[in-house]
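Have a look at the structure below, then the notes.
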There are 2 protein chains.
Amino acid sequence: MEIIRKTKSVKLILNQFEQRDSAISTVDLIEKLNSEINKTTVYRILDKLEYSGVLHSFLGLNGIRWYAKCKNCSTSHHSDLHPHFQCTSCGKVDCLDIKITMPTIPNREVTSSQFLLQGKCERCSS
Amino acid sequence: MEIIRKTKSVKLILNQFEQRDSAISTVDLIEKLNSEINKTTVYRILDKLEYSGVLHSFLGLNGIRWYAKCKNCSTSHHSDLHPHFQCTSCGKVDCLDIKITMPTIPNREVTSSQFLLQGKCERCSS
DNA sequence: CCGTTAATGCAACTAAGTTGCAAATATATA
DNA sequence: TATATATTTGCAACTTAGTTGCATTAACGG
Ligand SMILES: [Mn+2]
Ligand SMILES: [Mn+2]
Ligand SMILES: [Zn+2]
Ligand SMILES: [Zn+2]
């Protein structure tokens with residue numbers, strides 16, 4: 001299930017991600033676009049954009065899903081093994097440009113991971 | 001909000017955690033005890049056990065909360081900064097006895113983290 | 001055993017996300 | 001440009017994890 005048609009809704013959602021560099025939660029996106037796009041459509045487009053390698057997603061502190069732009073991903077290959085940072089003060093969520101060394105665990109075959117850091121962002125800690 | 005009284009329900013829940021060493025999800029616990037304890041009570045007891053330093057919790061792959069025994073925690077101090085491992089084949093979730101080196105990020109004050117690894121457990125990969 | 005207070009069950013609710021289906025619209029082709 | 005067709009959308013209804021208020025029950029110290 002890839003994105004086939006550049007519809008009005010797809011453009012509106014992509015536009016949101018072009019306007020900022022931080023991640024956006026499904027809830028925020030639905031709220032922000034609620035007069036223009038139905039929430040079902042938002043979920044479906046986000047699914048497709050992730051599948052296509054345009055966005056990647058992860059879970060925030062409360063289990064809500066967040067989406068952010070991919071950098072070098074495609075439909076066939078995803079390379080989003082980086083941590084994310086959620087500010088407990090303002091709620092902002094960012095991708096971190098940090099290589100995490102995947103720990104090797106005896107007798108376990110690790111295929112992927114989610115690493116979420118919490119604390120205060122630059123703006124909130126100064 | 002600490003545990004004050006050792007009620008029948010509290011004992012039943014603690015018993016579940018004594019019987020196994022891996023984590024248990026709220027959903028599994030509610031299902032398993034559904035003939036003996038109301039789900040509201042399960043949620044409330046888990047809250048209190050976590051607050052008291054008996055259990056710690058974290059989110060699994062699908063955003064469902066999991067609980068596991070604490071090792072050296074108390075009401076005043078929690079020391080559960082370790083990764084967790086979820087088997088994508090059998091669904092089992094474990095605490096990993098691995099020290100993770102908290103990355104230092106410029107201009108950000110990191111206070112805690114959640115690190116969830118995914119893959120195949122010992123039993124499922126052999 | 002009794003009185004106090006914490007704990008419980010229940011029903012109703014909230015909120016994120018999903019599903020089926022009919023209507024609308026993007027796009028390729030003529 | 002008009003038409004055909006497959007994709008996308010909106011809507012309403014649903015699912016599921018977790019929460020809340022309140023009346024009832026039960027733990028436990030005296
Ligand atoms: Mn990211
Ligand atoms: Mn753990
Ligand atoms: Zn902040
Ligand atoms: Zn397994």
Side-chain angles (χ1 to χ4, degrees), chain A residues 1-17 23-68 75 84 86 91 93 114 116, chain B residues 1-17 23-68 75 84 86 91 93 114 116:
Chain A
M1 37 104 145
E2 261 190 278
I3 289 274
I4 308 286
R5 296 181 181 173
K6 280 262 167 72
T7 65
K8 196 188 87 183
S9 301
V10 170
K11 285 175 198 158
L12 281 168
I13 288 177
L14 286 176
N15 189 42
Q16 289 295 319
F17 286 94
I24 313 178
S25 72
T26 50
V27 176
D28 286 351
L29 211 48
I30 287 164
E31 167 64 22
K32 190 162 290 177
L33 298 172
N34 101 88
S35 61
E36 292 148 296
I37 319 181
N38 180 274
K39 73 167 177 171
T40 310
T41 305
V42 174
Y43 282 115
R44 290 197 273 228
I45 289 176
L46 289 173
D47 268 357
K48 291 185 181 175
L49 288 174
E50 180 167 32
Y51 179 86
S52 307
V54 178
L55 302 176
H56 63 280
S57 78
F58 53 93
L59 297 179
L61 285 179
N62 40 15
I64 283 176
R65 191 160 292 276
W66 291 75
Y67 285 85
T75 303
H84 295 99
Q86 181 158 18
V93 176
Q114 298 220 10
L116 182 68
Chain B
M1 37 105 145
E2 261 191 279
I3 289 274
I4 309 284
R5 297 179 181 175
K6 280 261 167 74
T7 64
K8 195 188 87 183
S9 302
V10 170
K11 285 174 198 159
L12 280 168
I13 288 177
L14 285 176
N15 189 42
Q16 289 296 317
F17 285 94
I24 314 178
S25 72
T26 51
V27 176
D28 285 352
L29 211 48
I30 287 164
E31 166 65 22
K32 191 161 291 177
L33 298 172
N34 100 86
S35 61
E36 292 148 297
I37 318 180
N38 180 274
K39 71 166 180 173
T40 309
T41 305
V42 174
Y43 282 116
R44 290 197 273 227
I45 290 176
L46 289 173
D47 269 357
K48 290 185 183 176
L49 289 174
E50 180 167 32
Y51 178 87
S52 306
V54 178
L55 302 176
H56 63 280
S57 79
F58 53 93
L59 297 179
L61 286 179
N62 38 16
I64 284 177
R65 191 160 291 277
W66 292 74
Y67 285 86
T75 304
H84 294 98
Q86 180 158 21
V93 175
Q114 299 219 9
L116 182 68

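Values below: every heavy atom of this structure, side chains too, minus hydrogens, waters and symmetry copies. Proteins get letters first, then strands, A, B, ... in listed order; numbering begins at 1 in each. Just so you know, these numbers come straight off a predicted model, no measurement behind them.
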Just how far, in rounded Å, is P of C/dA16 from CG of A/L46?
14 Å
5'-most contact on DNA chain D (nearest-nucleotide basis), B/L59 vs B/K11, goes to B/L59
For residues B/D47 and B/M1, determine if any side-chain heavy atom of one lies less than 4.5 Å from a side-chain heavy atom of the other.
yes
For A/E50, which residues count as a side-chain contact (heavy atoms from CB on, under 4.5 Å) partner, sequence neighbours excluded?
A/S57, A/Y67
Could you tell me from which nucleotide to which nucleotide of DNA chain D, 5' to 3', there is an atom under 4.0 Å from chain B heavy atoms?
D/dA17 to D/dC28
What is the separation between atom NZ on A/K8 and atom P on C/dT27, rounded to the nearest whole Å?
14 Å
How far apart are the closest heavy atoms of A/L61 and B/R65, and which atoms are they?
O-NH2, 4.2 Å
According to side-chain contact (heavy atoms from CB on, under 4.5 Å), who are the partners of A/V27, at least two apart in sequence or on a separate chain?
A/S25, A/I64
Give the rounded distance in Å between these two atoms: CD1 of B/I4 and P of C/dT8.
12 Å
Computed from five pairs at either end and rounded to 10 degrees, the angle between the axes of the helix from C/dC1-D/dG30 to C/dA30-D/dT1 is 30°
Pick the nucleotide of DNA chain D nearest each of B/K6 and A/S9; which residue has the one closer to the 5' end?
A/S9
In whole angstrom, give the distance that lies between atom CD1 of A/I64 and atom P of C/dT14.
17 Å
Contacts of type side-chain contact (heavy atoms from CB on, under 4.5 Å), residue A/N38, not counting sequence neighbours:
A/T40, A/T41
Partners of A/K11 by side-chain contact (heavy atoms from CB on, under 4.5 Å), sequence neighbours excluded?
A/K6
Considering only heavy atoms, which members of residues 36-45 of chain A lie under 4.0 Å from some atom of DNA chain D?
A/E36, A/I37, A/N38, A/T40, A/T41, A/R44, A/I45
In the structure I gave you, are the side-chain heavy atoms of A/H56 and A/H84 within less than 4.5 Å of one another anywhere?
yes
Is any side-chain N or O of A/T7 closer than 4.0 Å to OP1 or OP2 of C/dT25?
no
I want to check something: taking the side chain as every heavy atom from C-beta on, are A/L14 and A/V54 in contact at a cut-off of under 4.5 Å?
yes
Please report the distance, rounded to the nearest Å, between CG in B/L12 and P in C/dT8.
10 Å
Which pair of heavy atoms, one from B/K32 and one from B/E36, lies closest together, and at what distance?
O-OE1, 4.4 Å
Are A/I24 and A/Q16 close enough that some pair of their side-chain heavy atoms sits under 4.5 Å apart?
yes
Does some side-chain heavy atom of B/L55 sit less than 4.5 Å from a side-chain heavy atom of B/F17?
yes
Atom-pair distance (CD on A/E31; C1' on C/dA16), nearest Å:
14 Å
When all nucleic acid strands are considered with a 4.0 Å heavy-atom cut-off, which category describes A/K48: base, sugar-phosphate, or nothing?
sugar-phosphate
